[in-house]
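This report concerns only the one structure given below.
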Amino acid sequence: MLPVEKIELSSAHPGRRMALAAAFLVLAVCAFVYGVMQLVGTEDGWQQISATGGGLSSAGELALQYDVSSASGRREVTALYTQAAQKAYQLFEPTAETDSADVHGIAYLNAHPNEPVQVDPALYAALEQIQSSGERSLYLGPVTAYYGNIFFCTDDGAEGEYDPMLNDDVRKYFARCAAFAADPEAVDIRLMGEDTVELAVSEQYLAFAQEQQADRFLDFGWMKNAFVVDFIADELTAGGCTNGVLTSYDGFVRNLGGSGEMFRLDILDRGGRAAYLEYTGALSAVSLRGYPLYDQDAQRFYVRQDGQLRGPYLDPADGLPRAAAEDLLVYAKNLTCGELALLTGPAYASDSLTGESLAALRAAGAETVRCEGGQVLCSDPAAVTAEAGQNGTALYAVVPEG
């Protein structure tokens, strides 16, 4: 997760600042066990908006902070958020029920291979983004589904049954699935216009999937909430609600841009705040971590007794979990979370970050920040301030990169 803070340009008493930040953190922790913190927040308008009405929804993995101007305004943004979060679940969750004729999402496509399906325009647009990017992680559906069992294991013995790093049979299965996923002749999305999509799967792959009892060809995997956040942010914006910040527990942020105030994004170094980024206006950010930090991370990390970690970032080359760095923050004013995730995936789901991969991110319009050896390495050092110790001395050196 990426803590998001609204800050005031005026000064405030240090004790009040800390108390209000702590109170805000407690509120967020109660809901999602992660922080979406307001630094001083003397205005009563900034509140956490919760989805209402029950039912299956993506809201359980999100936090919406919104500057509410009135009770009717709060009801309006709550209604929009609730509806959008429920629809996002149907669109992007691969385990969603497919019986509903109202919304055809990724689960429906998986259940109807080689059939033209009219989907929601938002899902069509997301699939267009993925197709244009050339990123093939979406097609690791069988791998993502099987590997995900790791995160529900209670001991290393059970975990080993699903771990390709320890189990040769699993590694071979993942390699076979990755080979299918990499081949557009085996599996691909055909965009047919007018929001119509066909999940094209070859007879050979269908036979393999049937033999392996695999029924999931497509899965957004660790990128899912990037597209969820984008969808909900766009729905709120279309409804005229732009004075908010939407954050997912796994590190995707969209500031809707309607507030003229200054905000902060925390820059993490192995879970501790090393520095912060100050900005105003609309912003998208992706904060990737190679380690668990919050209770909810149990859904996407497993820690073995020997300390080895298994995380959510799967390399489409072979289906194996990889994380190139402990922390990487990528952000942009003019790109969406989905676009940032698609750009960042090849760089991060690898053995190490390279200068070439970081340069490619910057060439695409993204800014990058990472920590290494007591330094904050960033493409825009003017926007970054190092965290200070009790004596006021910066704890990290902010160093330009790229």
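Of all non-hydrogen atoms in V303 and L309, the two that sit nearest each other are CG2-CD2, 3.3 Å. Smallest separation of non-hydrogen atoms from R362 and G402: NH2-CA, 3.3 Å. Closest non-hydrogen pair, L199 versus L109, comes out as CD2-O, 3.3 Å. The shortest heavy-atom contact between S259 and W46 is OG-CZ2, 4.0 Å. When every heavy atom of P94 is checked against every heavy atom of A107, the shortest pair comes out as O-CB, 3.4 Å. Summarising the geometry of A85 relative to S57, their closest heavy-atom pair is CB-OG, 3.2 Å, with the distance given to 0.1 Å.
Heavy atoms of other residues, nucleotides or ligands lying less than 6.0 angstrom from CD of Q129 number more than 12. By the neighbour-count criterion of 12 heavy atoms within 6.0 Å, atom CD of E128 is densely surrounded, having more than that number from other residues, nucleotides or ligands. Within a 6.0 Å sphere centred on CZ of R190, other residues, nucleotides and ligands contribute 12 heavy atoms or fewer.
Between the side chains of T95 and E93, at least one donor N or O sits under 3.5 Å from an acceptor N or O. Using modelled atom types and a 3.5 Å distance limit, the side chains of E135 and S137 yield a donor-acceptor pair. A donor and an acceptor atom, one from each side chain of T144 and R216, are nowhere located under 3.5 Å apart. With no hydrogens or angles considered, a side-chain donor-acceptor pair links Y396 and D269 at under 3.5 Å. Checked by atom type, the side-chain pair E161/N167 shows no donor-acceptor distance below 3.5 Å.
Under a 4.0 Å N-O distance rule, the pair R370/E372 qualifies as a salt bridge. Remark: E326 does not engage R289 in a salt bridge, criterion side-chain N to carboxylate O under 4.0 Å. Salt bridge K333/E367: absent, no basic N to carboxylate O contact under 4.0 Å. Electrostatic pairing of R254 and D230 counts as a salt bridge here, judged by a charged N lying under 4.0 Å from a carboxylate O. We find that R304 and D155 are not joined by a salt bridge, their nearest charged nitrogen and carboxylate oxygen being 4.0 Å or further apart. Ion pair R322/D351 flagged as a salt bridge, since at least one NZ, NE, NH1 or NH2 atom sits closer than 4.0 Å to an Asp/Glu carboxylate oxygen. Using a 4.0 Å cut-off between a side-chain N of Lys or Arg and a carboxylate O of Asp or Glu, R171 and D318 do not qualify as a salt bridge.
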Determine, step by step, whether S284 and Y331 satisfy the side-chain contact (heavy atoms from CB on, under 4.5 Å) criterion, reporting the C-alpha distance in whole Å, the side-chain angles of both residues, the deciding distance to 0.1 Å, and the verdict.
-> CA-CA 6 Å; S284 300; Y331 65 95; over 6 Å; no
Test side-chain contact (heavy atoms from CB on, under 4.5 Å) applied to V369 and V330, step by step
CA-CA 6 Å; V369 187; V330 182; over 6 Å; no
- [ ] In sequence, state the C-alpha distance, the side-chain angles, and the governing distance for C241 and L80, and then conclude on side-chain contact (heavy atoms from CB on, under 4.5 Å).
- [x] CA-CA 9 Å; C241 298; L80 277 172; 3.5 Å; yes
Please lay out, stage by stage, how L123 and F92 fare under the test side-chain contact (heavy atoms from CB on, under 4.5 Å).
CA-CA 8 Å; L123 179 58; F92 300 106; 4.0 Å; yes
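In this structure, the separation between CG on L256 and OH on Y66 is 7.0 Å, given to the nearest 0.5 Å. How far CG of L329 is from CG of D266: 10.0 Å, rounded to the nearest 0.5 Å. How far CG of L62 is from OG of S50: 11.0 Å, rounded to the nearest 0.5 Å. Atom CG of D163 is separated from atom CG of D156 by 9.0 Å, given to the nearest 0.5 angstrom. Rounding to the nearest 0.5 Å gives a distance of 8.0 Å between CG of L277 and CG of D380. Once rounded to the nearest 0.5 Å, the distance linking CZ of F263 with CD of E278 reads 12.0 Å.
A distance-only check finds a donor-acceptor pair linking the side chain of T78 to the backbone of R74 [under 3.5 Å]. Distance alone, capped at 3.5 Å, is enough to place a donor-acceptor pair between the Q296 side chain and the G60 backbone. Remark: side-chain polar atoms of E61 are not paired, donor with acceptor, to backbone N or O of S58 under 3.5 angstrom. Although no hydrogens or angles enter the test, the distance criterion places a donor-acceptor pair under 3.5 Å between the side chain of Y348 and the main chain of A325. One N or O on the side chain of S357 and one on the backbone of T354 form a donor-acceptor pair closer than 3.5 Å. Proximity of a side-chain donor or acceptor of T237 to a complementary backbone N or O of A233 within less than 3.5 Å is detected. Side chain of T344 to main chain of A341: no donor-acceptor pair is present (N/O by atom type, distance under 3.5 Å, no hydrogens or angles).
Within the 4.5 Å cutoff, the side chain of V197 has heavy atoms near those of the Y124 side chain. Two residues are said to be in side-chain contact when any heavy atoms from C-beta on lie closer than 4.5 Å; N114 and L206 meet this criterion. Proximity of Y294 to Y249: side-chain heavy atoms (C-beta onward) are nowhere separated by under 4.5 Å. Under the 4.5 Å side-chain criterion, counting only non-hydrogen atoms from C-beta, L342 is in contact with F227. Contact check for V253 versus V245: side-chain heavy atoms found under the 4.5 Å cut-off. For the pair I49 and Q65, the minimum side-chain heavy-atom distance is 4.5 Å or more. S379 places a side-chain heavy atom less than 4.5 Å from the side chain of T368. Residues Y146 and Q212 are not in side-chain contact: their nearest non-hydrogen atoms beyond the backbone lie 4.5 Å or more apart.
Applying the side-chain contact (heavy atoms from CB on, under 4.5 Å) test to F151 and every residue at least two apart in sequence or in another chain returns Y147, Y302.
Residue F180 is tested with Y173, Y139, F217, Y205 for a ring pair (Phe, Tyr, Trp, His ring centres under 6.0 Å); the sole match is Y205.
Between Y291 and F301, a ring centre-to-centre spacing not shorter than 6.0 Å is recorded.
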